Amino acid sequence: EEVVGGLSLMGLDLRPPKEIDVRIVHKTSEKPQAIVVRVMDNATVLEVRKAVMAKLGESMLSNCKIVKSIGKGSFTSMPDGERLGGKSELGFLGRSLPEPKAVITVRFTSGGRPSDIFDLEL
């Protein structure tokens, strides 16, 4: 697309960063395992890994790998410098994660539009 006399930015959010919840899901455990960490929406994979370490009380970064699927049952590590880019769920390999508790999602609306979403763990 040609832009004449202006600037075109695609996929770049110019709003100030905000905190978001990111669901971290273990990719190879037999039983479902997941946690939720709170990071800034412009966080890097390394920042997410450190948030996972803090939540789990883990001291070894190598035990907290953020991964993406590259085929059936195959995964590759996401680069530490990669930004979330709108992702709200990431794959995980390494140590075990807690088995998820029951989660209820509550959505509040304002003027007919969603305004806040909360996940409540039971």
Side-chain angles (χ1 to χ4, degrees):
E1 177 180 330
E2 184 178 343
V3 177
V4 178
L7 178 63
S8 175
L9 299 174
M10 299 188 66
L12 182 61
D13 190 348
L14 299 176
R15 293 177 289 192
K18 64 180 179 189
E19 283 190 325
I20 61 167
D21 289 333
V22 178
R23 183 175 155 88
I24 307 297
V25 180
H26 203 293
K27 290 303 202 179
T28 59
S29 63
E30 290 185 18
K31 292 183 179 182
Q33 296 179 358
I35 62 169
V36 174
V37 294
R38 182 159 279 219
V39 295
M40 301 305 286
D41 63 353
N42 64 347
T44 63
V45 167
L46 180 58
E47 291 168 326
V48 173
R49 291 174 70 193
K50 288 180 177 180
V52 170
M53 287 177 62
K55 184 146 192 174
L56 297 175
E58 177 61 54
S59 60
M60 300 286 296
L61 186 61
S62 60
N63 287 337
C64 298
K65 298 175 187 77
I66 302 297
V67 299
K68 60 184 171 185
S69 178
I70 57 171
K72 189 171 185 168
S74 297
F75 305 94
T76 187
S77 293
M78 293 177 68
D80 280 341
E82 185 173 330
R83 300 233 176 247
L84 285 178
K87 295 177 187 76
S88 59
E89 185 170 297
L90 297 171
F92 180 88
L93 291 177
R95 61 162 285 166
S96 62
L97 298 175
E99 292 182 22
K101 302 172 185 174
V103 176
I104 298 172
T105 299
V106 180
R107 298 176 194 271
F108 295 93
T109 59
S110 173
R113 292 181 297 181
S115 60
D116 293 305
I117 300 173
F118 299 95
D119 287 337
L120 306 173
E121 291 186 5
L122 301 178

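All values derive from a computational prediction rather than experimental measurement.
Put simply, the side chain of Lys18 never gets that close to the backbone of Asp41: no donor and acceptor are under 3.5 Å apart.
Between Leu90 atom CG and Arg49 atom CZ the span is 12.0 Å, to the nearest 0.5 Å. The structure places NZ of Lys87 at 7.0 Å from NZ of Lys68, a figure rounded to the nearest 0.5 Å. In this structure, CE on Met78 lies 14.0 Å from CZ on Phe92, to the nearest 0.5 angstrom. Atom OG1 in Thr28 sits 8.0 Å away from atom CD in Gln33 (nearest 0.5 Å).
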Q.
Pair Val39, Glu47 - check side chain to side chain contact (heavy atoms under 4.5 Å, CB included), show working.
A. CA-CA 8 Å; Val39 295; Glu47 291 168 326; 5.5 Å; no
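Here Leu93 is tied into one hydrophobic group with Val67, Phe75, each link being a pair of ILVMFWY side chains closer than 4.5 Å. Grouped by direct or indirect side-chain proximity (heavy atoms under 4.5 Å, Ile/Leu/Val/Met/Phe/Trp/Tyr only), Leu61 sits with Leu46, Met53.
For Arg95, the salt bridge (Lys or Arg N to Asp or Glu O under 4.0 Å) partners two or more places apart in sequence, or in a different chain, are Glu58. The salt bridge (Lys or Arg N to Asp or Glu O under 4.0 Å) search around Glu30 returns none, not counting sequence neighbours. Annotation: salt bridge (Lys or Arg N to Asp or Glu O under 4.0 Å) contacts of Lys50 (sequence neighbours excluded): none. With sequence neighbours left out, the salt bridge (Lys or Arg N to Asp or Glu O under 4.0 Å) criterion links Glu89 to Arg23.
Looking at heavy atoms from C-beta onward, Asn63 lies out of side-chain contact with Leu56 at the 4.5 angstrom threshold. The closest side-chain heavy-atom distance from Ile35 to Pro98 is below 4.5 Å.
The side chain to side chain contact (heavy atoms under 4.5 Å, CB included) with Ile66 is formed by just one residue from the set Val48, Val22, Thr44; it is Val48.
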